[in-house]
**Q** 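Have a look at this one before I ask anything.
Sequence lines set the chain letters: A, B, ... in the order given, protein chains first and strands last, and positions in each chain run from 1. Please read all numbers here as calculations on a predicted model, not as lab measurements. What you see below is based on every heavy atom in this structure, not just the backbone, and it leaves out hydrogens, waters and symmetry mates.
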2 protein chains.
Amino acid sequence: MGLTGKANCMKISEVSERTGLSISTIRFYEKSGLCPFIKRGTDGKRTFSKSDADWLELLASLRATGMPMAKMRAFANLYACGDDTIQERKAALLVHGQSLEDRQAELDRCHTILNRKLQRYDDMMKDQK
Amino acid sequence: MGLTGKANCMKISEVSERTGLSISTIRFYEKSGLCPFIKRGTDGKRTFSKSDADWLELLASLRATGMPMAKMRAFANLYACGDDTIQERKAALLVHGQSLEDRQAELDRCHTILNRKLQRYDDMMKDQK
DNA sequence: TAACGACCTGAAGCTGCTATAGGTCAAGCC
DNA sequence: GGCTTGACCTATAGCAGCTTCAGGTCGTTA
C-alpha cells in the first residue's frame with residue numbers, strides 16, 4: 001500500500017523537493033554526467049538511494065554558489081572513482097570555498113552601491129519639496 | 001595630444017574598466033534597451049558622460065546580484081522618464097535589495113553545507129589511517 | 001474501462017553573454 | 001604617400017544552463 005518502494009529509496013520528486021533542484025534539472029544533470037550512477041527500477045524509473053540524494057544536494061550547493069558544470073563534472077568523476085580521491089575532492093572544495101567567499105564579498109559590495117543609490121534617491125526627493 | 005576628447009566624456013573601454021562590464025556586454029546592454037540614451041561622436045563611436053557611466057555601474061550591480069534583464073529594462077525605462085519616477089525606482093530597488101539579502105542568506109547556507117562536507121572528508125581520512 | 005497522475009524521452013526554446021568575421025578610421029612610422 | 005597597428009564599429013553564430021513542450025508508458029483509483 002502506502003509503501004514508497006524500499007525504504008532508503010527515493011523518487012525523483014522527493015529528491016527534487018529535498019535538494020531544491022527541479023525535476024528537469026536532475027534529469028539534465030544525469031544526462032550531463034553529474035550522476036551517472038543513478039539506478040532504475042524494473043519500470044524504468046529512477047530510484048535514488050540516500051547517498052544519491054546527498055550527492056545531489058551537494059551538487060545543488062556547488063551550482064548555487066557558481067561552480068560551472070565542467071568543474072562539477074570533474075568533481076563527479078572523482079566521486080565516481082571512490083574513496084581514493086577524497087584528498088583531491090577536498091582540495092577542489094577548498095578552492096571553490098575561496099571563490100564562494102569572493103562572491104560573497106562582491107555581493108556585499110553591490111549591496112553597498114545599492115544602498116548608496118537609495119540614499120541618493122531620498123536626498124533627491126527631499127530636494128524636490 | 002593626450003586629450004581624451006571632452007573632459008567628462010569617456011570611451012567604451014574606460015567605462016568597461018570602471019564598471020567591470022565587458023565591452024561586448026555594454027554594447028549588448030545598449031542593444032537591449034538598457035541604455036538607449038548613449039550618444040555617439042561624429043565618428044560613430046559611443047561617448048559616455050559621467051552619468052552614463054554611473055548608470056552602467058548601477059546596472060552592473062543589479063545584474064551581478066541577479067536582477068533579470070526584463071526588470072532591468074523596466075528600471076531603465078523609469079530612469080529614461082526622468083525624475084518623476086524616483087519614487088518608483090526607489091521601490092524597485094528596495095524589492096531587489098530584499099531578494100539580494102535572500103540570496104546572501106542562501107550563499108551562507110551553501111557555505112555551511114560545503115564546510116560540513118569538508119569536515120566529513122577530514123573524518124574519513126582519519127578513519128582510513 | 002477510462003481517466004488521472006507521476007514518471008519517462010527527445011527536442012526545441014530561452015536568457016545572458018561571448019566569440020568571430022569583417023569593416024572603418026585616426027595615429028604613428030618608414 | 002603608403003602601411004601597419006589599434007581601438008572602435010556591426011551583425012551573426014555559438015555556448016551554458018536550464019525550462020518547456022510534445023508525445024508515450026505505467027499503476028492506481030472511481
**Q** Determine the minimum heavy-atom distance between B:A76 and B:G33, stating which atoms define it.
**A**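 Minimum heavy-atom separation between B:A76 and B:G33: CB-O, 4.0 Å.
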**Q** Walk along DNA chain C from 5' to 3' and tell me the first and last nucleotide with an atom closer than 4.0 Å to a non-hydrogen atom of chain B.
**A**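 Range of nucleotides touched by chain B: C:dG16 to C:dT18.
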**Q** What heavy-atom pair brings A:R89 and A:G82 nearest, and what distance separates the two atoms?
**A**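 Closest approach of A:R89 to A:G82, heavy atoms only: NH2-O, 3.1 Å.
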**Q** Please classify the nucleic acid contact of A:R63 as base, sugar-phosphate, or nothing, using heavy-atom distances under 4.0 Å.
**A**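 A:R63: backbone/sugar contact only, no base atoms under 4.0 Å.
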**Q** Would you check if there is a donor-acceptor pair between the side chains of A:Q98 and A:D102 at a distance under 3.5 Å?
**A**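 Side-chain D/A pair, A:D102 to A:Q98: present.
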**Q** Does A:S24 reach a base, just sugar-phosphate, or nothing at all? Heavy atoms under 4.0 Å.
**A**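 Base, at least one base atom sits under 4.0 Å.
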**Q** Examine the side chains of B:S51 and B:D54 and answer whether a donor and an acceptor come within less than 3.5 Å of each other.
**A**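 No, no side-chain donor-acceptor contact under 3.5 Å.
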**Q** Are B:E57 and B:R18 side-chain neighbours, meaning at least one heavy-atom pair lies under 4.5 Å?
**A**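 Touching, per the 4.5 Å side-chain cut-off.
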**Q** Hey, does A:S32 reach any base, or is it just sugar-phosphate, or nothing, if we go heavy atoms under 4.0 Å?
**A**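 Counting heavy atoms under 4.0 Å across all strands, no contact is made by A:S32.
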**Q** What range of DNA chain D does chain A touch, first nucleotide to last, counting atoms under 4.0 Å from its heavy atoms?
**A**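 The contact span of chain A on DNA chain D goes from D:dG17 to D:dT20.
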**Q** Checking all strands, does B:R27 fall into the base, sugar-phosphate, or nothing category for heavy-atom contacts under 4.0 angstrom?
**A**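 The residue B:R27 makes base contact.
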**Q** Does anything in residues 30-41 of chain B pair up under side chain to side chain donor-acceptor pair (under 3.5 Å), and if so which pairs, sequence neighbours excluded?
**A**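 Output for this query lists B:E30-B:R40, B:E30-B:R46.
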**Q** So what does A:K31 hit on the nucleic acid, given a heavy-atom distance under 4.0 Å: a base, only sugar-phosphate, or nothing?
**A**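 No contact at all - A:K31 keeps every heavy atom at 4.0 Å or more from the nucleic acid.
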**Q** Classify the side-chain pair B:T65/B:H96 by whether it contains a donor and acceptor separated by less than 3.5 Å.
**A**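 Looking only at side-chain atoms, B:H96 and B:T65 do form a donor-acceptor pair, the distance falling under 3.5 Å.
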**Q** Within the 3.5 Å criterion, strictly below it, is a donor on A:S49 or A:D52 matched to an acceptor on the partner's side chain?
**A**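 Yes, side-chain donor-acceptor contact under 3.5 Å.
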